[in-house]
Enquirer: 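Mind looking over this structure? Questions follow.
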Number of protein chains: 2
Amino acid sequence: MSTLASLGGDLSRLRHLNSLAVIRALRGAEPLTLTAVAEQTGLSRPSTKDVVDQLVALGWVVEVPPSAGGLGRPARRYRFRADGGHVAGVDIGVHTVRAAVADLDGNVLAETRQTVSRDTPVDDRLAATFRAVAGCLAAAGLGQDDLWSVSAGTTGVVDREGRVQISAGIRDWAGVDLTARLGELFSCTVHVENDARLAALAERERGAAQGVNDAVFLHAGRRTGAALIIGGAVHRGFGGAAGEVGLLPVTHWATAADYLHDCPVVPADVPKGDAARHTFDAAREGHPVAVAAVERYADDLALGTSAMVMTLDPELVVLGGGFSRAADVLLPLLRTRLEEVCLRMPELRGSALGEECVALGAVGRAVAHLDQEFFGTGPGSIAPPR
Amino acid sequence: MSTLASLGGDLSRLRHLNSLAVIRALRGAEPLTLTAVAEQTGLSRPSTKDVVDQLVALGWVVEVPPSAGGLGRPARRYRFRADGGHVAGVDIGVHTVRAAVADLDGNVLAETRQTVSRDTPVDDRLAATFRAVAGCLAAAGLGQDDLWSVSAGTTGVVDREGRVQISAGIRDWAGVDLTARLGELFSCTVHVENDARLAALAERERGAAQGVNDAVFLHAGRRTGAALIIGGAVHRGFGGAAGEVGLLPVTHWATAADYLHDCPVVPADVPKGDAARHTFDAAREGHPVAVAAVERYADDLALGTSAMVMTLDPELVVLGGGFSRAADVLLPLLRTRLEEVCLRMPELRGSALGEECVALGAVGRAVAHLDQEFFGTGPGSIAPPR
DNA sequence: GGATTTTACGAAGGAGCCCTCTGTAAAGAT
DNA sequence: ATCTTTACAGAGGGCTCCTTCGTAAAATCC
């Protein structure tokens with residue numbers, strides 16, 4: 001039984017667990033002294049030294065110069081080598097492909113974008129994805145070999161193996177085995193996920209949903225979608241379709257954004273990407289036609305949201321996506337409509353992240369995969385970095 | 001940091017983890033030989049003996065006579081002392097209070113019921129609860145002191161602390177601090193949960209949802225409700241209202257069962273508890289009025305269900321509650337309606353358990369609480385049973 | 001019925017990991 | 001220059017696990 005063997009074991013198992021505890025103490029924090037690590041892990045100082053020395057020998061931890069100014073003998077300081085490896089997060093959208101490269105702590109080093117269109121052929125879209133990542137690597141002074149893991153997010157229903165099952169926005173996208181196709185482009189492991197779910201992950205890790213265990217994330221933009229955070233983790237659903245209430249005809253999510261795009265207040269020469277902004281601006285100034293359009297949009301958004309809220313009773317609903325810049329207009333409307341039907345009204349917040357949130361979530365997912373691989377709680381010992 | 005300290009630690013920590021592994025190997029299984037335990041845990045035979053001896057000394061494990069008939073020297077056999085302690089699970093319903101008493105492995109030793117009504121005063125209902133448990137204890141030859149934990153399920157929204165927030169069915173039930181009130185009656189720890197969630201837990205542990213990680217449980221009976229299993233665990237929601245889509249007016253769940261109760265095919269002198277059965281029977285024989293009633297009921301049930309299914313994309317939907325005896329009639333109707341709207345149709349099954357499922361789930365919850373207390377993975381050592 | 005085979009028990013010896021304790025080293029404070 | 005504070009480094013010891021070996025108790029074979 002793997003579940004039994006992963007519990008106890010050898011004496012080396014204890015060292016393994018203590019090594020993980022030390023790494024967790026060192027991750028993402030300022031460089032720590034041995035005493036500080038010992039306090040956090042509960043280990044004795046000599047044992048801490050032993051473990052840290054071993055991690056230094058493996059290459060996961062490096063010593064940094066001691067900090068001056070303190071009382072007593074200066075303590076040696078150590079930090080996790082987050083720059084020992086890197087990950088890429090990609091957002092393969094309808095009109096834009098965004099990429100971000102980060103270190104093992106998720107610190108973003110570079111971001112780039114490539115412009116595409118809904119009719120860009122599959123091969124070209126994949127090539128643009130590769131260029132976006134390559135641009136990040138160049139900007140960060142890294143090579144392909146420094147990349148240990150790549151995560152990608154895209155619109156549509158993505159199954160467990162990373163195949164696009166359904167895609168509302170991108171031409172010829174359904175049926176593409178993204179994990180395989182991207183795997184040909186990159187020499188490291190590749191994972192693929194629905195974009196809204198990665199955006200939700202980003203909000204949970206570094207956005208509006210930090211520390212929240214149960215949240216609904218709304219992607220309100222030219223497309224309308226949703227994702228769920230349950231028990232602190234992103235929920236996929238059995239077929240990867242969790243949160244896709246927008247595909248139910250009764251929610252009208254497929255056409256909800258048209259109220260904003262096709263509003264008469266939008267000048268005729270405005271490109272579709274900017275249309276909604278005009279409507280929101282006009283609504284802010286009280287233009288009745290624009291206000292009505294925004295209200296009808298909020299009606300549609302609230303209907304699908306209420307189904308998720310009633311199902312899950314979340315702590316928080318995050319309004320994300322491009323329209324989250326109009327949260328000042330949308331949130332009050334959404335709140336009113338939800339309060340009418342909700343048993344217990346969840347908190348309602350606008351997104352704290354910008355347009356890169358899917359790429360950021362992809363970075364987080366890639367880091368999580370590496371964490372599992374190198375620092376998982378399972379049996380085995382800690383391997384040296386490549 | 002508790003999360004760090006719970007990872008590694010002392011040498012005693014290793015022994016603790018290995019003890020847990022041994023206990024898990026012994027739990028719920030036939031008595032095992034030392035060699036068998038060693039194989040399952042991955043420990044060496046001498047270490048296994050050491051750990052088992054220690055557990056025997058503590059009182060958690062007992063030796064049983066060796067089995068005859070094998071080749072070679074007969075091996076000593078050991079088993080977990082599931083009968084060292086006991087739990088009670090209670091279902092405090094509108095018309096009936098059911099109780100079950102089980103050992104630490106969840107094996108039910110006795111079941112009883114008490115009849116109440118929707119207007120039974122709170123104190124009397126609590127007294128009936130106590131009588132139901134006392135009856136179980138007597139039937140199993142146990143005393144109050146043998147009870148280590150009690151879990152109760154009841155209708156309505158129950159908050160994290162075990163207070164009834166909203167109750168549709170039971171008079172004066174809202175506002176009752178059930179954990180505190182039951183705590184006065186029993187000398188052990190008491191936990192309270194929504195009844196549908198406990199029924200779902202029972203289906204997951206020993207019913208139709210075994211091994212399923214994401215499922216929706218429908219309670220279809222005189223009351224209509226639902227509960228969710230997400231990631232293998234029952235989902236509460238932030239305010240304990242997860243799955244209460246039935247409280248949304250648009251679902252019509254509050255009145256859905258009336259189609260069945262008030263159907264003209266039901267003879268006038270039939271008590272309300274049996275009315276639905278007549279309607280289902282008539283529908284089976286093709287009586288048009290009854291068929292129409294069942295179809296309207298299925299319509300309402302499907303609407304709320306579709307919201308949950310679209311939100312969660314579960315692997316399975318379980319039809320439980322009193323009407324699950326009419327699963328042969330209801331499931332096809334429900335399937336047709338869900339297939340119309342569902343992106344990916346989940347599997348659909350009738351409940352595998354009877355009317356005791358809430359009490360069974362409560363037993364499971366009580367056992368889980370004790371497991372956490374005695375055999376949790378957290379720091380500390382294994383304490384002797386009381 | 002005795003020898004053989006099979007399986008399990010029990011004790012001894014050894015290695016790894018962590019702890020406590022003690023003395024030494026390096027900085028600022030007096 | 002000395003004292004105080006903080007950290008480093010090593011020694012010694014205890015606990016837990018592993019491997020190895022000889023012994024014990026059953027069924028099987030001749």
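As the structure is a computational prediction, the values presented were derived from the model and not from experiment.
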Enquirer: Of the options dC21(C), dA25(D), dA29(C), whose atoms approach the side-chain atoms of P46(A) most closely?
Expert: dC21(C)
Enquirer: Could you tell me the separation between the CZ atom of R365(B) and the CG atom of L370(B), rounded to the nearest 0.5 Å?
Expert: 12.5 Å
Enquirer: Please list, in numerical order, the residues of residues 48-55 of chain B that have a heavy atom closer than 4.0 Å to any atom of DNA chain D.
Expert: none
Enquirer: Would you mind telling me which residue lines up with the more 5' stretch of DNA chain D, R77(A) or L11(A), judged by nearest nucleotide?
Expert: R77(A)
Enquirer: With a 4.0 Å cut-off, would you call D371(A) and R27(A) a salt bridge?
Expert: yes
Enquirer: Would you say dC18(C) has OP1 or OP2 under 4.0 Å from some side-chain N or O of R15(A)?
Expert: yes
Enquirer: Within the pair R76(B) and dA8(C), is there a side-chain N or O less than 4.0 Å away from OP1 or OP2?
Expert: no
Enquirer: Which heavy-atom pair separates G231(B) from D214(B) by the least distance, and what is that distance?
Expert: N-OD1, 2.9 Å
Enquirer: Just checking, is any N or O donor in the side chain of R24(B) or Q40(B) under 3.5 Å from an acceptor N or O on the other one?
Expert: no
Enquirer: Mark yes or no for whether D146(A), through its side chain, and G143(A), through its backbone, hold a donor-acceptor pair below 3.5 Å.
Expert: yes
Enquirer: Starting the side chain at C-beta, find the nucleotide from dC18(C), dC18(D), dA26(C) nearest to D10(A).
Expert: dC18(D)
Enquirer: So which heavy atom on W148(A) is nearest to which on P385(A), and how close?
Expert: CH2-CB, 3.6 Å
Enquirer: Could you check which of dC18(D), dA7(D), dC17(C) has an atom nearest any side-chain atom of L14(A)?
Expert: dC17(C)
